[in-house]
Amino acid sequence: MKFKNFMMPMAFALAAGCYAADQGTKEDPLTIGTVQELLQLRNAVSDSGTYKGVKLKNAGEGLHFKLTADLDLSSVCGRDVGNWKAIGPFEGSFDGDGHKISNLYIDDSLGTVRDAGFIGPVFNNGDDTLYYNNVVFENVYIRHSGLIGTFVTQVVTGQAVVRNNSVELTYETVDNENGAVQWGGLMGNTV
């Protein structure tokens, strides 16, 4: 009898904890606290998979994501590791909560990088405005011959707000057969 009483409250506490966290809403966003979780998010966005138990339909459409720690990308991109592959196409909101993303690396000297940026492109097919807020990028290197946007490569449709972000960046532009590079800083282009 004592064993049953002990287990029942614990089961309720676990069930309540699983239900309450990381729902993907503005009030309870899906959190990203490690580089591994960031990669899981990127994969879920690209294949309409599941992230933290939430199905990401239409590239995360209408969902909210939030950083909970500083992330150093040097283990997944760099001169000896390779290029960062952008998260996207993406249809969610992303809040950095003031955390740093460091060592973002993109070198398109071989012409193999499609989207030069952390996220991109962004599509907003819903009625809500998408927000890309409060991220600090540190030690970013981009060498590219196309469209560059450090945080968001481009917003293709709908309403999006990019605000309260900062970038410490080294970049090189490379002319290509279409002319000079298009450079946009935090956001590369709006269509």
Side-chain angles (χ1 to χ4, degrees), residues 22 24 26-42 45 51 59-60 63-79 81-109 113-124 128-174 180-191:
D22 285 9
K26 192 174 199 175
E27 297 76 25
D28 191 14
L30 288 158
T31 58
I32 304 140
T34 66
V35 171
Q36 188 60 36
E37 286 181 346
L38 182 64
L39 297 177
Q40 290 168 1
L41 168 65
R42 183 177 69 189
V45 166
Y51 179 73
L63 294 175
H64 295 262
F65 301 88
K66 185 175 190 175
L67 281 183
T68 59
D70 294 348
L71 301 181
D72 179 352
L73 300 181
S74 62
S75 64
V76 295
C77 63
R79 290 192 193 282
V81 184
N83 289 313
W84 172 257
K85 180 183 171 199
I87 300 169
F90 189 59
E91 296 189 30
S93 291
F94 191 95
D95 182 2
D97 198 32
H99 293 288
K100 287 182 189 173
I101 295 175
S102 59
N103 300 310
L104 175 66
Y105 179 88
I106 301 169
D107 182 350
D108 190 32
S109 55
V113 177
R114 181 167 177 231
D115 296 306
F118 181 71
I119 294 175
V122 167
F123 294 89
N124 183 2
D128 293 334
T129 300
L130 301 180
Y131 291 93
Y132 300 91
N133 301 322
N134 309 314
V135 179
V136 177
F137 286 96
E138 186 175 80
N139 194 31
V140 174
Y141 176 83
I142 297 179
R143 181 176 190 242
H144 195 56
S145 60
L147 178 66
I148 296 175
T150 303
F151 189 4
V152 177
T153 59
Q154 61 183 322
V155 176
V156 177
T157 183
Q159 298 179 33
V161 175
V162 180
R163 66 179 177 195
N164 199 30
N165 302 289
S166 68
V167 177
E168 175 193 294
L169 172 69
T170 301
Y171 70 93
E172 295 178 44
T173 59
V174 181
V181 69
Q182 297 178 51
W183 175 255
L186 286 170
M187 184 169 63
N189 190 12
T190 58
V191 179

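Both backbone and side-chain heavy atoms feed into the values below; hydrogens, waters and symmetry mates do not. What you are looking at is a predicted structure, and each value in this text was computed from that prediction instead of being measured. The chain is numbered in sequence order, starting from 1.
- With 3.5 Å as the limit, one finds a donor-acceptor pair spanning the side chains of N134 and N164.
- Annotation for I87 and W84: closest pair CG1-CZ2, 4.0 Å, computed over non-hydrogen atoms.
- Atoms CG and NE2, on L130 and H64 in that order, are 8.0 Å from each other to the nearest 0.5 Å.
- A pairwise comparison of heavy atoms in A86 and I119 identifies CB-C, 4.3 Å as the closest pair.
- Y51 places a side-chain N or O within donor-acceptor distance of the main-chain N or O of T31, the cut-off being under 3.5 Å.
- Closest of all the heavy-atom pairs between G96 and V135 is CA-CG2, 3.4 Å.
- The shortest side-chain heavy-atom distance between L38 and L73 falls under the 4.5 Å cut-off.
- Taking CG of D72 as the reference point, atom CG of L104 lies at 11.0 Å (rounded to 0.5 Å).
- The two residues L71 and V35 make their nearest non-hydrogen contact at CD2-N, 3.7 Å.
- Considering CG of N133 and OG of S93, their distance stands at 8.0 Å, rounded to 0.5 Å.
- Rounding to the nearest 0.5 angstrom, the gap separating the CG atom in N139 from the OG atom in S74 is 9.0 Å.
- Proximity of a side-chain donor or acceptor of D70 to a complementary backbone N or O of K100 within less than 3.5 Å is detected.
- Atom CG of L67 sits about 10.0 Å away from atom CD of E37, to the nearest 0.5 Å.
- Looking only at distances, no side-chain donor or acceptor of D95 sits under 3.5 Å from a matching main-chain atom of K66.
- For D97 (side chain) and H99 (main-chain N/O), no donor-acceptor pair under 3.5 Å exists by modelled atom type.
- Minimum interatomic distance between D107 and N83 (heavy atoms only, all atoms of both residues): N-OD1, 2.5 Å.
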Verdict with reasoning, L41 to L30, per side-chain contact (heavy atoms from CB on, under 4.5 Å) | CA-CA 10 Å; L41 168 65; L30 288 158; over 6 Å; no
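- With N165 contributing its side chain and Y132 its backbone, the two residues share a donor-acceptor pair below 3.5 Å.
- When all heavy atoms of V140 and I142 are compared, the pair lying nearest together is CG1-CG1, 4.0 Å.
- Paired with Y105 under the rule ring pair (Phe, Tyr, Trp, His ring centres under 6.0 Å), one option of Y141, F137, F118 passes, and it is Y141.
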